[in-house]
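Read the numbers this way: they start at 1 and go in the same order the structure lists the ligands and their atoms. Numbers here are sequence positions counted from 1. The model shown is predicted, which means the values in this text are computed figures rather than measured ones.
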Amino acid sequence: MKLYCDPPRLEWRETGPVAPDFDDIYFSAEGGLDETRAVFLAGCGLPDRWQRQDNFVVGELGFGTGLNFLAAWQLWNETRPQNGWLHFISIEKFPLRVDDLRKALSAFPELAALSGQLIAQWPQPLKGAHRLRFDADRLTLTLFQDDIADALPQIEANVDAWFLDGFAPAHNGAMWSETVWPELARLSAPGARVATFTVAGAVRRGLSAAGFTVEKKPGFGKKRERLEAVFDGPSLKPTPSPYQRLLPASGTAVIRGGGIAGASLAHALRRRGREVVILDPNGLAGGASGAPSGLLTPRLENADRPHVRTTLAAFEYARRLYADLGVLEPEGALRLIENMKDRARYTAIAAAMGEGYEIRDEGLWMARAGRFDPAAIVRVLAGDTRVITDTARMLEASLVLDCRGSDAAFHELAQSAGRVFLMDGRPPRHPIVWGGYTSAAPDGRVLVGATHEKGAEAGDPELAARRLLAALERRAPEIAQTLDGTAQHWSGVRAATPDRLPVSGEIPGWEFGSHWLRWALDGELPETDVKASGPQNIVLSGLGSRGFAHAPLLAEALASDLCGEPSPLERAGREALHPARFAIRQLKRGQL
Ligand code: SAM
């Protein structure tokens, strides 16, 4: 099944793009920006309403060219409160191709500086949720690329303002269907406002029935009327939400584990101005995240399943983050095809994933893959976060987050030891992957990896080197023959779950035995007791050999939960990665 969304069918008129399938325009080139300001921004009481709270959430139905988003961003830059953060969530079934986006937005030169930033981060048209961050302007965009009927139930957020901007209801019933209104009510914060250009009866009735008070207003330009509505129904959110555990605004979060999971979470929390320390007896990148070289590749699966969407989105998020930080060599990688079965499988995967995945004679070319220095990424993400290696010290924390690898306190985790080798020889032109892999490595050497051994023992290095070299000789003899057997080797222990997917979230019913941990720190934290008022059982682990691809987005999701922000993940995706999934599966099988 396809994992990507189709692009829209567009016709270009002088006034801008038109969707012939819906017999409607994206925006009117004449006064389109003014119309957006009048209908959506002023219609939702902006900018006044976002002065009053630290996190303000806009939800939009129909992202299209992003004109509404850019207009909101521009207004935000002019008026945002000092500590404010704007979260813009939008749904789009037919994401524009980047060239069409550029062409459409060229009609608005006054937005050029902002549209350039949007275009630079424009996600692949993969189905599912994609988070884009614009930290300098204290703004995030979370795009849900899917049909509205499938996307809305996947969203978790407290929306303060809704922009309803599907094509005209007469030509696009799906965007205005009866199933939409209860979802808007579910997602609305008390007092949430709705704005739209249509006054269609079905829209007014649907909103009213869902708890909104609806009012017609004079329309923009030649249009007679438009609509505003206010949510004054009861809050429909479960309290507390099954996921959101708020981190007190003051106080220090202790992250146990100085690998890619811990560093990603430190980075995500510090971006939000939170105070963090990392606790790890081996310091930063002292464990499995300290390999001499790493390969960032997507997890390959061709079914449109929640965990596949999430891991692909995580790969894209990590890729963008590392590229921004200048710590990725984006050189692609080749996954070898070794038999007919591989060929069929990778052909299907390339077709399902779309752009950036291509079958060549000898394998699946993954243009979006890249090479990196693992310890450098961990250090860049951790920045100047304080790292404490003396774990005998006790320290008082508002929250403890368990980002250790195979030592994390979660009973489903198993250990898998791995060894990699750095050899002298001629490196391949680009990384080559099969069960193992080879790539160029620092200092002109060749990386060959990796072994997988059950448990914490990586085994005899000579035997492992012989096995890996024999495997390489069968697949890439021209490289294997240049390698002189002498090698530096490195080993680490991965944390693996039974289904080989990460665990991220709160462990159900798991206790530390006391309400808070008493760790002592050498005086730099406030003298007063900071009680561990948050939960103690949040884990980000089980990353296997894909920590660098999956940790940044999962950390962003945990940080969003802890800070009361909209989630960057689809609900079904986070359920697929939630620690409770193993107990739930056992319950379903009648084993608990
Ligand atoms: N807000 C947009 C802007 O600023 O450019 C204009 C949105 S345009 C009027 C309507 C959008 O709704 C189109 O981009 C269209 O692809 C999208 N759309 C149409 N049907 C949809 C559906 N069933 N689910 C999700 N999006 C849909």
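No close placement of the Tyr357 and Tyr346 rings is indicated, their centers lying 6.0 Å or farther apart.
Asp137 and Asn77 share a donor-acceptor pair across their side chains, judged by distance under 3.5 Å alone. Side-chain contact, Asn68 with Asp165: a donor N or O sits under 3.5 Å from an acceptor N or O. Using modelled atom types, one finds a donor on one side chain and an acceptor on the other under 3.5 Å when comparing Tyr317 with Glu556.
Shown in contact with Phe94 at under 4.0 Å from a heavy atom are these atoms of ligand 1, numbered in order with element: 16 (O). Near Glu60, meaning under 4.0 Å from one of its heavy atoms, ligand 1 places the atoms 1 (N). Listed by atom number, the atoms of ligand 1 under 4.0 Å from Gly66 heavy atoms are 3 (C), 4 (O), 5 (O). Atoms of ligand 1 lying under 4.0 Å from any heavy atom of Asn172, numbered from 1 in the order shown and given with element: 19 (C), 20 (N).
With a 4.0 Å cut-off on non-hydrogen atoms, Phe63 touches ligand 1 through its backbone and not its side chain.
No N or O atom of Ile91 sits closer than 3.5 Å to an N or O atom of ligand 1. Checked against a 3.5 angstrom limit, the closest N/O atoms of Leu67 and ligand 1 fall inside it. Inclusion of Ile25 in the set of residues having an N or O under 3.5 Å from an N or O of ligand 1 is not warranted.
At the shortest separation from atom 16 (O) of ligand 1 among protein heavy atoms lies Glu92 OE2, 2.5 Å. Closest to atom 9 (C) of ligand 1 among all protein heavy atoms lies Asp165 O, 3.3 Å. Scanning all protein heavy atoms for the shortest distance to atom 26 (N) of ligand 1 gives Lys93 N, 3.2 Å. Counting protein heavy atoms only, atom 24 (N) of ligand 1 is closest to Ile148 N, 2.9 Å. Distance from atom 5 (O) of ligand 1 to its nearest protein heavy atom, with residue and atom name: Thr65 OG1, 2.6 Å. At the top of the distance list for atom 23 (N) of ligand 1, counting protein heavy atoms only, stands Asp147 OD2, 3.1 Å.
Using a non-hydrogen distance threshold of 4.0 Å, Thr36 does not register as a contact of ligand 1.
With contacts defined as side-chain heavy-atom distances shorter than 4.5 Å, the pair Arg133/Arg271 qualifies. Within the 4.5 Å cutoff, no side-chain heavy atoms of Trp12 are placed close to those of Val18.
The aromatic rings of Phe231 and Phe212 lie tilted to each other, with the angle between the two planes from 30° to 60°.
A cation-pi arrangement, defined by a distance under 6.0 Å to the six-membered ring centre and an angle within 45 degrees of its axis, is absent between Lys223 and Phe220.
Just one of Lys93, Gln154, Arg309 meets the side chain to side chain donor-acceptor pair (under 3.5 Å) condition when paired with Asp146; it is Arg309.
Distances from atom 18 (N) of ligand 1 to the heavy atoms of Gln145, His171, Met175 show the closest one on Met175.
Of the possible donor and acceptor atoms, none in the side chain of Arg49 sits under 3.5 Å from a partner among the backbone N and O of Leu46.
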